[in-house]
Amino acid sequence: MPDREARIVLASLLAPLPEVSFQQVNYERLGEMVVQHNLYNHVLHLIARATRGVEPAFHTMLQEQALLAKQHGLLLTYQLRRVLTALSQHQVRAIPLKGPVLSERLHKDISYRTSADLDVFVEFAHLETSFRALNEVGFKRLYRNDQASYKDVLLVEETTGVKLEMHVRLINPMSFSYGFPESTLWERATPAVFQNVSHYQLAPEDEFAYLCVHCLSHLGIIELKWLADLYAYLHCQKDTAAFVTHVQGSTHLQSLQPAIRFILGLLNAIADYLSAPRPCPGIHTTEERLYAYVIQHLLWDAKLPIWDRFRLKYYIARTHQNPSTHFLKMVARSIAVSSEKEDAVDTGATWKRIVRLLRPEGKRLLL
């Protein structure tokens, strides 16, 4: 089972938040985990429901970091309003992804979940118009991928240094050999308003699928705040079971179902570790040991070396993403480099090594 500090961090992800005890906690270790996963606000809200007192110095640290997050959230919100206004004035339909919009919708607070930059999804045909519109309000291109496949353009606001990623695809085609159905996304997208500025919003099933895929693609180096978004997203639904059934039954999302199912199973597994209600009781998997191994990585267990994290990423990609061969070779190369092995990489040997790790007798899987 996870230790006391890990259980507190995992508990801060759930929606609704449970009551926890902060008694006999190693605050140094807990602080490291909170910083690693950017969970200042999450743990602060958990403290409000604590059954025991919390060390004052730790509480003060969280409050200070939450204040900094609030300031950055206000800056991102200001710049996002400028971006959406500029695009709207040039008749460019835009969908803000994650960031302050999602934070406000899920948590009623633009800075509850921290964000490093802004992400906006536009149609490829409107990309050049978007450049001109954003250039007028001070956003300059830092680089451009001429293949226009994923994260096509990174722009930076000249005065504040706020970064903006312009997307024309939601999934990195190298990480996933199947693509998100962008051609029909706009048919289901609906008008919305953020801070008195109009924009478009993904259909709920599309947004949830996107968040699942985004989360899965980062497993091994993930921040737990992305899982907190998924718990909150499910909690916001009037009928969670019906919503999950709708996502699973959406024909346009069929190619993404392995990724969605894996993440839903992981959400259940974390709830099981905490003896909390399962967010998706209708989802049943037989990968408990894999989930246990994933949770160890999510918590950045000091006993797990960096090449184990890459091995996990390789395994997840091979079994649930159906990635390109180039992607698998790249991850396998990372395993070799981080293991300080300079010989040629054998992806077949890497695969067998991972399978051995996940056998029932694998001691590495024990929490």
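For clarity, every value in this text was computed on a predicted model and none was experimentally measured. The first residue in the sequence is number 1, and the count goes up from there.
- With values rounded to the nearest 0.5 angstrom, Arg113 atom CZ is found 4.0 Å from Asp229 atom CG.
- Note: Leu154 CG to Leu164 CG = 8.0 Å, rounded to the nearest 0.5 Å.
- With sequence neighbours left out, Val35 forms a side chain to side chain contact (heavy atoms under 4.5 Å, CB included) with Tyr40.
- Evaluation of the side chain to side chain contact (heavy atoms under 4.5 Å, CB included) rule for Ala228 yields Leu13, His42 as partners, not counting sequence neighbours.
- Leu134 has its side chain within reach of Val83: a pair of non-hydrogen atoms, C-beta onward, lies under 4.5 Å apart.
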Exercise. Could you give me the CA-CA distance, side-chain angles and deciding distance for Tyr78 and Thr160, then say whether side-chain contact (heavy atoms from CB on, under 4.5 Å) is met?
Key: CA-CA 11 Å; Tyr78 168 70; Thr160 61; 6.0 Å; no
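- For Lys70, the salt bridge (Lys or Arg N to Asp or Glu O under 4.0 Å) partners at least two apart in sequence or on another chain are Asp109.
- Taking NZ of Lys225 as the reference point, atom CG of Asn38 lies at 5.0 Å (rounded to 0.5 Å).
- Residues His214 and Leu211 fail the side-chain proximity criterion, which asks for heavy atoms closer than 4.5 Å.
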Quiz item: Please walk me through it: do Asn135 and Lys140 pass side-chain contact (heavy atoms from CB on, under 4.5 Å)?
Solution: CA-CA 6 Å; Asn135 186 70; Lys140 307 299 182 183; 2.5 Å; yes
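- Closest approach of Met33 and Ala6 over heavy atoms only: CE-CA, 3.6 Å.
- Nearest heavy atom pair, residue Pro277 against residue Ala271, reads O-CB, 3.6 Å.
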Quiz item: So Val25 and Glu5, side-chain contact (heavy atoms from CB on, under 4.5 Å) or not? Walk me through it.
Solution: CA-CA 6 Å; Val25 168; Glu5 294 76 30; 4.0 Å; yes
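- Closest of all the heavy-atom pairs between Leu46 and Pro18 is CD1-O, 3.5 Å.
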Quiz prompt | Stepwise salt bridge (Lys or Arg N to Asp or Glu O under 4.0 Å) test for Glu165 and Lys98 | solution = CA-CA 12 Å; Glu165 290 183 0; Lys98 304 172 293 180; over 6 Å; no
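- Listed by chain and residue number, Arg4 satisfy the side chain to side chain contact (heavy atoms under 4.5 Å, CB included) test with Gln24 (two or more places apart in sequence, or in another chain).
- Pairs engaging residues 80-91 under the salt bridge (Lys or Arg N to Asp or Glu O under 4.0 Å) rule: Arg82-Glu157 [sequence neighbours left out].
- Residues Met166 and Val122 meet the side-chain proximity criterion, which asks for heavy atoms closer than 4.5 Å.
- Criterion: ILVMFWY side-chain heavy atoms under 4.5 Å apart, direct or through other members. Under it, Leu68 and Leu74 are not part of a common hydrophobic cluster.
- With contacts defined as side-chain heavy-atom distances shorter than 4.5 Å, the pair Phe124/Arg169 does not qualify.
- By the 4.5 Å heavy-atom criterion applied to side chains, Leu170 and Leu97 are counted as neighbours.
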For a quick test of your reading: what N or O donor-acceptor pairs under 3.5 Å do the side chains of residues 247-254 make, sequence neighbours left out?
unit_1: Ser250; atom_1: OG; unit_2: His246; atom_2: O; d: 2.7
unit_1: His252; atom_1: NE2; unit_2: Arg188; atom_2: NE; d: 3.4
unit_1: His252; atom_1: NE2; unit_2: Arg188; atom_2: NH2; d: 3.4
unit_1: His252; atom_1: NE2; unit_2: Asp206; atom_2: OD1; d: 2.7
unit_1: Gln254; atom_1: NE2; unit_2: Gln248; atom_2: O; d: 3.1
unit_1: Gln254; atom_1: NE2; unit_2: Ser250; atom_2: O; d: 3.0

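- There is a path of hydrophobic side-chain contacts, each under 4.5 Å, that joins Ile47 to Leu39.
- A side-chain donor-acceptor contact under 3.5 Å links Thr245 to the backbone of Ala241.
- Residues in residues 276-286 take part in these salt bridge (Lys or Arg N to Asp or Glu O under 4.0 Å) pairs, two or more places apart or across chains: Asp272-Arg278.
- Put simply, Tyr112 and Leu106 are part of two different groups of oily side chains (I, L, V, M, F, W, Y) that touch within less than 4.5 Å, one to the next.
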Exercise. Evaluate the side-chain contact (heavy atoms from CB on, under 4.5 Å) criterion for residues Cys212 and Leu256: first the C-alpha distance (whole Å), next the side-chain angles of each, then the deciding distance (0.1 Å), finally the verdict.
Key: CA-CA 9 Å; Cys212 286; Leu256 305 179; over 6 Å; no
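- With rounding to the nearest 0.5 Å, the separation of NZ in Lys108 from OG in Ser103 is 11.0 Å.
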Determine all donor-acceptor pairs shorter than 3.5 Å in which one atom belongs to a side chain in residues 191-205; sequence neighbours excluded.
unit_1: Gln195; atom_1: NE2; unit_2: Glu104; atom_2: OE2; d: 3.0

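- Between Glu32 and Gln36, every side-chain heavy-atom pair lies at or beyond the 4.5 Å cut-off.
- Each ring-ring contact (aromatic ring centres under 6.0 Å, His included) pair with one or both residues in residues 53-74, not counting sequence neighbours, appears once here: Tyr27-Phe58.
- Between the CD1 atom of Ile8 and the CG atom of Asn26 there is a distance of 10.0 Å, given to the nearest 0.5 Å.
- Relative ring orientation between Phe208 and Tyr233 is described as tilted, the plane-to-plane angle lying within the 30° to 60° band.
- Scanning all heavy atoms of the two residues, the minimum distance from Phe139 to Val162 falls at CE2-O, 3.9 Å.
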Which side-chain N or O atoms in residues 259-270 pair as donor and acceptor under 3.5 Å with protein atoms at least two apart or in another chain?
unit_1: Arg261; atom_1: NH2; unit_2: His284; atom_2: O; d: 2.5
unit_1: Asn268; atom_1: OD1; unit_2: Cys280; atom_2: N; d: 3.1
unit_1: Asn268; atom_1: ND2; unit_2: Cys280; atom_2: O; d: 2.7
unit_1: Asn268; atom_1: ND2; unit_2: Ile283; atom_2: O; d: 3.4

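- The side chain to side chain contact (heavy atoms under 4.5 Å, CB included) search around Leu67 returns Gln71, not counting sequence neighbours.
- A donor-acceptor pair is defined here as one N or O able to donate and one able to accept, closer than 3.5 Å; such a pair exists between the side chain of Asn41 and the backbone of Ser111.
- Looking at every heavy atom in both residues, Leu234 comes nearest to Pro279 through CD1-CB, 4.1 Å.
- For Asp117, there are no salt bridge (Lys or Arg N to Asp or Glu O under 4.0 Å) partners at least two apart in sequence or on another chain.
- With rounding to the nearest 0.5 Å, the separation of CD in Glu123 from CD1 in Ile95 is 8.5 Å.
- What you find for Ser115 and Gly99 is that their closest heavy atoms are OG-CA, 3.3 Å.
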